[in-house]
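First up is the structure itself, then whatever we jot down about it.
Any value given below was found using the heavy atoms of this structure, including those in side chains, with hydrogens, waters and symmetry copies removed.
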Amino acid sequence: MREIVDMGGGSKKWRRFCGSSSISSVQLLLFMVVPLIVVSGFVSHVLGPLTSNRVLLSKYPWLWSSILRTTNSSSSSSSSSSSPVSSVKENGKRLDFLSQVGVAQVLNMEEAISNDSLINRSSTPPHDIEAAIQNGPYMENVYNDSVSGPTASTNKSHHATGLDRIEAGLRRARAAIKEAKQYGNQTHEILDPDYVPDGPIYRNAKAFYRSYVEMEKQLKIFVYEEGQPPLFHNGPCRSIYSTEGNFIHGIEMNEQFRTRDPEKAHLFFLPFSVVMMVQFVYVPDSYNFGPIKQTVADYINLIAGKHPYWNRSIASDHFMLSCHDWGPETSRSSPYLFKNSIRVLCNANTSEGFNPTKDVSFPEINLRTGSLKGFIGGPSPSRRPILAFFAGGLHGPVRPVVFEHWENKDEDIRVHKYLPKGISYIDMMRKSKYCLCPSGYEVASPRVVEAIYGGCVPVLISDHYVPPFSDVLNWKTFSVEVPVNDVPNLKKILMAISPRQYIRMQRRVVQVRRHFMVQSPPKRFDVFHMILHSVWLRRLNVRVPNDADAL
């Protein structure tokens, strides 16, 4: 717990919790929700939503190719208004415009990774990395990538701003990543005594590492200070949703990546917790998302009226984070939040609108005690006599299929609703070569990380699920993906994997474990930093033009 004093106008104190609060629902309604609604309503009606600059979004998922090579788009905006826009109709037009020039259809993973000619589409000309390298310092050529050519800068009397410097740094980062991907340069920065990513568990280890180094050098995140715990600046750290609370706690305590100066920020974090809203705002058994959505919508109206940054980028450099099943639904509180912002979600379900181009899948980790003690480690492959194991409740559409075909049907595949008395769940995972990870009501499952912790090769049984950090990690090298309709063939699929291939996969599980470790304080390449890197990677794929660019 910590106490922070806001020394700005209207000084206030707020406490930092981690998943615990003695505040009642009535107190919360009186002291947090009602004032928020009143203030945001005033801002919305008096000031109106501000017009925003235009934004460059990648056309494709799996971001490496679009970051490493962008090509000029012929589309450009014909006009840009600098006056406030207050009508709902006008906001609808802006969203329609974004749907035409923003995110396009999603390609499959392999196609996107292998395609080096991916195109970024925008209302403004995109960055050209090669041109940036040739043209020299970005500050001297800030307009050189416009369709009117290098001479365009002579027609603009514009001084470099903080946003210019941010975009210049991102431009250099893109060039460095491209160079690392193509040539694998091992500069003095790459000679890291801590850890250097390598091997088939990565889609491109050199590009990932260079991107990670650039993130450490540059990334700054501004956390909006509006809002009071327990709904804001707070989250659970000892539950199935622990990654939500741990990240909120980690970023607010962080001195390396957090900035108090929004003019220096690459990204803006919306520090609300869906888990806490379900606890304090949602009416049990009502199946009414309205109060949660209204709270988030009011919060966004408040920060959009008080700060220029949400409107400046149409939310594309803002991100929310939620491990709760209702995180995706909560993001629909605002059209911009759902369509444009970076949504960091455990429930990464493409059939429900998860877009790998801009959204981040992060792992669900069930920390019952808040600690990893007793979870990490397991015997060697030769000391794992059970072929596959699963124990869990019967819920969702996938697990009934697993139980129908495998519960008490085969000694090699141990499937249980409830473990027999005296049998340890963790011990069973450690005795098994493969751990089944079928989806429940939602696609994410904490068993994926539990398997990795125990050195058990995870078997992902789900449809429409994007595994965590898939932009960096090559899940096919250390896990088995089984479509739901192949569950009857599960044993045949696992037995077809040779002992040599299984041993390779098991060793890779141990290698990839560092990226799923929850540590306090966070350490390089752990789950906290991998979440940050995934958000950073998506920020690399966005250009936020300066107001002067539209003149």
*P262: partners by side-chain contact (heavy atoms from CB on, under 4.5 Å), with sequence neighbours left out*: F222, F268, Y309
*Nearest heavy-atom neighbours spanning F280 and L231*: CB-CD2, 3.9 Å
*Work out which heavy atom in V512 is nearest to a heavy atom in F516; give both atom names and the distance.*
O-CD1, 3.5 Å
*Should P236 and S242 count as side-chain neighbours, where that means a heavy-atom distance under 4.5 Å?*
no
*Got P446 and C346 here, is their nearest side-chain heavy-atom distance under 4.5 Å?*
no
*What distance do L219 atom CG and H533 atom NE2 have between them, rounded to the nearest 0.5 Å?*
10.0 Å
_Checking V527 against F469 for the side chain to side chain contact (heavy atoms under 4.5 Å, CB included) test, could you report, in this order, the C-alpha distance in whole Å, the side-chain angles of both residues, the deciding distance, and whether it holds?_
CA-CA 10 Å; V527 69; F469 316 134; 4.0 Å; yes
*Would you say the side-chain atoms of T295 pair up with the backbone N or O of P291, donor to acceptor, closer than 3.5 Å?*
yes
_Residues R538, D471: salt bridge by 4.0 Å N-O rule_ = yes
*Distance-minimising heavy-atom pair for A444 and Y465*: CA-CE1, 4.1 Å
*asked:* Within this structure, what is the CD1-OG distance for the pair I300 and S333, rounded to the nearest 0.5 Å?
replied: 6.5 Å
*Taking the side chain as C-beta and beyond, is there a heavy-atom pair between M277 and V296 under 4.5 Å?*
yes
*Okay, side chain of S361, backbone of V466: is any donor-acceptor separation there less than 3.5 Å?*
yes
*asked:* Apply side chain to side chain contact (heavy atoms under 4.5 Å, CB included) to residues Y202 and H515 and explain how you reach the verdict.
replied: CA-CA 11 Å; Y202 302 105; H515 299 311; 2.6 Å; yes
_Rounded at 0.5 Å granularity, tell me how far NZ in K220 sits from CG in D261._
11.0 Å
*asked:* Once salt bridge (Lys or Arg N to Asp or Glu O under 4.0 Å) is applied, what residue pairs with a partner in residues 521-531 remain, sequence neighbours excluded?
replied: D192-R524, D194-R524, E216-R524
*Assign the ring pair F272 / Y299 to parallel, tilted or perpendicular, where the plane angle (0 to 90°) is split at 30° and 60°.*
perpendicular
*Is the closest side-chain heavy-atom distance between L345 and M320 below 4.5 Å?*
yes
*Please work out whether the ring planes of F257 and H529 are parallel, tilted or perpendicular, with thresholds of 30° and 60°.*
perpendicular
*Under the side chain to side chain donor-acceptor pair (under 3.5 Å) test, residues paired with H266 that sit two or more places apart*: none
*Can you list the residues that meet the salt bridge (charged side-chain N to carboxylate O under 4.0 Å, His left out) rule with E263, with sequence neighbours excluded?*
none
*asked:* Below 30° counts as parallel, above 60° as perpendicular, anything between as tilted: where do the rings of H395 and Y441 land?
replied: parallel
*Going from CG on N349 to OG on S439, what distance comes out if it is rounded to the nearest 0.5 angstrom?*
8.0 Å
*Would you check, one step at a time, whether the test side chain to side chain contact (heavy atoms under 4.5 Å, CB included) holds for N234 with I248?*
CA-CA 6 Å; N234 186 30; I248 294 173; 5.8 Å; no
*Residues which pass salt bridge (charged side-chain N to carboxylate O under 4.0 Å, His left out) with R539, listed by chain and number, not counting sequence neighbours*: E167
_R343: which residues meet the side chain to side chain donor-acceptor pair (under 3.5 Å) condition with it, sequence neighbours left out?_
S331, D359
*Using a 4.5 Å cut-off on heavy atoms from C-beta on, say whether the side chain of I177 contacts that of L540.*
yes
*Under the ring pair (Phe, Tyr, Trp, His ring centres under 6.0 Å) rule, what do H249 and F528 come out as? Steps first, then yes or no, please.*
CA-CA 10 Å; H249 174 75; F528 174 79; 9.7 Å; no
*asked:* Looking only at the aromatic ring of each residue, does the gap between the centers of Y224 and H318 stay below 6.0 angstrom?
replied: yes
*asked:* Are the side chains of P467 and L460 in contact, using a 4.5 Å heavy-atom criterion?
replied: yes
_Separation of F232 CZ from L270 CG (nearest 0.5 Å)_ = 9.5 Å
*So, N254 side chain and I251 main chain: donor-acceptor pair closer than 3.5 Å or not?*
no
*Among all residues two or more places apart in sequence or in another chain, which pass the side-chain contact (heavy atoms from CB on, under 4.5 Å) test with A451?*
M429, C435, C456, P458
_To check you understand the geometry: which heavy-atom pair defines the closest contact between S341 and K358, and what is its length?_
O-NZ, 2.7 Å
*Could you tell me which residues satisfy side chain to side chain donor-acceptor pair (under 3.5 Å) with T243, sequence neighbours excluded, listed by chain and number?*
none
*Which pairs with one or both residues in residues 277-294 pass salt bridge (Lys or Arg N to Asp or Glu O under 4.0 Å), sequence neighbours excluded?*
K293-E329
*Does a side-chain N-to-carboxylate-O contact under 4.0 Å join E214 and K217?*
yes
*asked:* Do W475 and V448 have side chains that approach each other closer than 4.5 Å (heavy atoms only, starting at C-beta)?
replied: yes
*Going through the distances and angles, do E244 and H324 end up as a side chain to side chain donor-acceptor pair (under 3.5 Å)?*
CA-CA 8 Å; E244 183 173 309; H324 196 277; over 6 Å; no
*Do the ring planes of Y212 and F208 sit parallel (below 30°), tilted (30 to 60°) or perpendicular (above 60°)?*
perpendicular
*asked:* Walk me through whether F269 and L321 qualify under side chain to side chain contact (heavy atoms under 4.5 Å, CB included).
replied: CA-CA 8 Å; F269 179 49; L321 178 141; 4.1 Å; yes
*Please identify each residue that fulfils side chain to side chain donor-acceptor pair (under 3.5 Å) with S286, with sequence neighbours left out.*
none
*asked:* Checking C437 now: which residues fulfil disulfide bond (SG atoms under 2.5 Å apart) with it, not counting sequence neighbours?
replied: none
*asked:* Looking at every heavy atom in both M215 and L532, which two are closest together, and how far apart are they?
replied: SD-C, 3.8 Å
*With sequence neighbours left out, what residues match R399 under salt bridge (charged side-chain N to carboxylate O under 4.0 Å, His left out)?*
none
*Just wondering, do F319 and I221 contact through their side chains at under 4.5 Å, heavy atoms?*
yes
*Classify the ring geometry between Y336 and W310 as parallel (under 30°), tilted (30 to 60°) or perpendicular (over 60°).*
tilted
*Nearest 0.5 Å, what's the CD-CG distance between E352 and D325?*
9.0 Å
*Closest heavy-atom contact between P363 and C323?*
O-SG, 4.3 Å
